[in-house]
Amino acid sequence: MNFNEIKEKEIQGKSGYAALFILIAVMVLSIAFIIYASVVFEEEENIALYTLEMILFILVLTMDCIGFAGLKTVKPNEAYVFSLFGKYYGTLKKEGFRFVNPFVSANSGTKNDNNGMEELIGGLKKGRAGSQLPRKSVSMRMQTFANGVQKVNDRLGNPVMVGAIVVWRITDPTKAVFVVDDYKEFLSNQADSIIRNVARLYPYDNMSEDETDISADELTLRGSSQEIADRMRDELQDRVASAGLEIIEVRINQLSYAEEIAAAMLQRQQAVAIIAARKKIVEGAVSMVEMALAQLKNDNVVDFDEEKKAQMVSNLLVVLCGNKDAQPVVNSGSIY
């Protein structure tokens, strides 16, 4: 059988309350008949009939006890995927108290089926009353998966640390159980692969034009994290759709340079910021000097020759572009 061709067959099950009432009634009647047979028929001479009746009542009681295994409680956004003697039987999604074939077995779709029993046994040994019985249902609620932080080389070859959060849910419990061995492990491996492959296609940040050929509008890991996360979501959805999983959202929750280059990149970012700030300061200072010279000339306040104009421009630029407050020097004599 090709597991990729398995189609979900939803079963409704019977009312669990009616089934429970019948099972309890049969159990009470069986026990009553066994007691009655042991008292009344014990004195009869037909031992064969007495033995046959006891065997019949014991078989009925045994089958009745087995029937209790068919009672299932289905919570909202939860499903049971059943198999009967190795073959797919059906999927129970209808919430409530239901009754199904007691010989079917539920499949959780993960390798951790025994974790619940181990926790139960451990809790009982430690005296914890809150321990719960293990369940083999498949949750269809939204779940969050956080992969570990990975070291990836970006498009420029710089090692960066990338981590992401994946919000997902199961839309087809049958495929999640039968198509892959463990759908949680499958999602984890695919998410790690997609995050690594997509992150290496983009630079961490825009570099200056004299260092690289990265344009200012190109996507970067730091500046375009949402667009890159959307691409991760789309590619991850294509990978896990065959397992009945839906990727709702991918978010980059950690992004930084690797430790070995973090200090150097921090110095570079600081240098770029200082250069950008100085550029703005110089642009503003030049415009202010031009305005001052033009206003002095238009108002005929003073007429500078080229040498004095150059000296005044130099002094104004020093005052406007300096890091510290200027210390004026008052000239009490002639300026010539």
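Ile11 places a side-chain heavy atom less than 4.5 Å from the side chain of Phe82. Side-chain contact between Met63 and Pro102 is absent, with no heavy-atom pair separated by less than 4.5 Å. For the pair Tyr204 and Leu156, the minimum side-chain heavy-atom distance is 4.5 Å or more. Side-chain contact between Val177 and Tyr88: absent, with no pair of heavy atoms (C-beta onward) separated by less than 4.5 Å. Between Val250 and Asp230, every side-chain heavy-atom pair lies at or beyond the 4.5 Å cut-off. Within the 4.5 Å cutoff, the side chain of Leu236 has heavy atoms near those of the Gln190 side chain. In this structure the side chain of Lys75 never reaches within 4.5 angstrom of the side chain of Ser137, judged on heavy atoms. Side-chain contact check for Ile252 versus Met232: some heavy-atom pair is nearer than 4.5 Å.
Counting only distance, with no hydrogens or angles, the side chain of Thr62 and the backbone of Ile58 share a donor-acceptor pair below 3.5 Å. For the pair Asn189 (side chain) and Glu185 (backbone), a donor-acceptor distance under 3.5 Å is present. In this structure, Arg196 contributes its side chain and Lys151 its backbone to a donor-acceptor pair below 3.5 Å. Asp154 places no side-chain N or O within donor-acceptor distance of the main-chain N or O of Arg200, the cut-off being under 3.5 Å. Listed for the Ser224 side chain is no donor-acceptor partner under 3.5 Å among the backbone atoms of Glu227.
In plain terms, the two heavy atoms of Val74 and Lys94 that are nearest each other are CB-O, 3.5 Å. Here the closest non-hydrogen pair linking Val180 and Ala243 is CG1-CB, 4.0 Å. Contact between Ala164 and Asn253 at its shortest, heavy atoms only, is N-OD1, 3.1 Å. In plain terms, the two heavy atoms of Leu245 and Tyr183 that are nearest each other are CD1-O, 4.1 Å. Closest non-hydrogen pair, Gly67 versus Phe99, comes out as O-CE1, 3.2 Å. Annotation for Glu95 and Arg98: closest pair O-CD, 4.4 Å, computed over non-hydrogen atoms.
Separation of atoms CG (Leu201) and CG (Leu221) is listed at 9.5 Å; rounding is to 0.5 Å. In this structure, CG on Asp172 lies 7.5 Å from OG1 on Thr91, to the nearest 0.5 angstrom. Atom CD of Gln12 sits about 8.0 Å away from atom CG of Leu92, to the nearest 0.5 Å. From Lys7, atom NZ reaches atom NZ of Lys175 across 9.5 Å, with rounding to the nearest 0.5 Å. Expressed to the nearest 0.5 Å, how far CZ of Arg169 lies from CD1 of Ile248 amounts to 5.5 Å. Summarising the geometry, atom CE belonging to Met140 is positioned 4.5 Å from atom NZ belonging to Lys93; distances are rounded to the nearest 0.5 Å.
When hydrophobic clusters are built by joining Ile, Leu, Val, Met, Phe, Trp and Tyr residues whose side-chain heavy atoms come closer than 4.5 Å, directly or via intermediates, Ile165 is not grouped with Val160. One hydrophobic cluster, built from ILVMFWY side chains closer than 4.5 Å, holds both Val28 and Phe57. Connection of Leu255 to Met161 is not established within any shared hydrophobic cluster, with ILVMFWY side chains joined at heavy-atom distances below 4.5 Å, either directly or through further cluster members. Tracing side-chain contacts under 4.5 Å through hydrophobic residues (I, L, V, M, F, W, Y), one never reaches Ile228 starting from Val149; they form parts of separate clusters. Ile66 is connected to Tyr80 through a chain of hydrophobic side-chain contacts under 4.5 Å among Ile, Leu, Val, Met, Phe, Trp and Tyr, so both are in one cluster.
For the 3.5 Å distance criterion, the side chains of Thr171 and Glu246 fail to qualify, holding no donor opposite an acceptor.
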Item to check | From CA spacing to verdict: side-chain contact (heavy atoms from CB on, under 4.5 Å), Trp168, Val240 | outcome: CA-CA 10 Å; Trp168 62 283; Val240 303; over 6 Å; no
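By the 6.0 Å contact criterion, CZ on Phe21 is open, its count of non-hydrogen atoms from other residues, nucleotides or ligands being 12 or less.
Residues passing the side chain to side chain contact (heavy atoms under 4.5 Å, CB included) test with Ile31, sequence neighbours excluded: Met27, Ile35, Leu61. By the ring-ring contact (aromatic ring centres under 6.0 Å, His included) test, Tyr17 is found to be paired with Phe97, residues two or more places apart in sequence or in another chain being considered.
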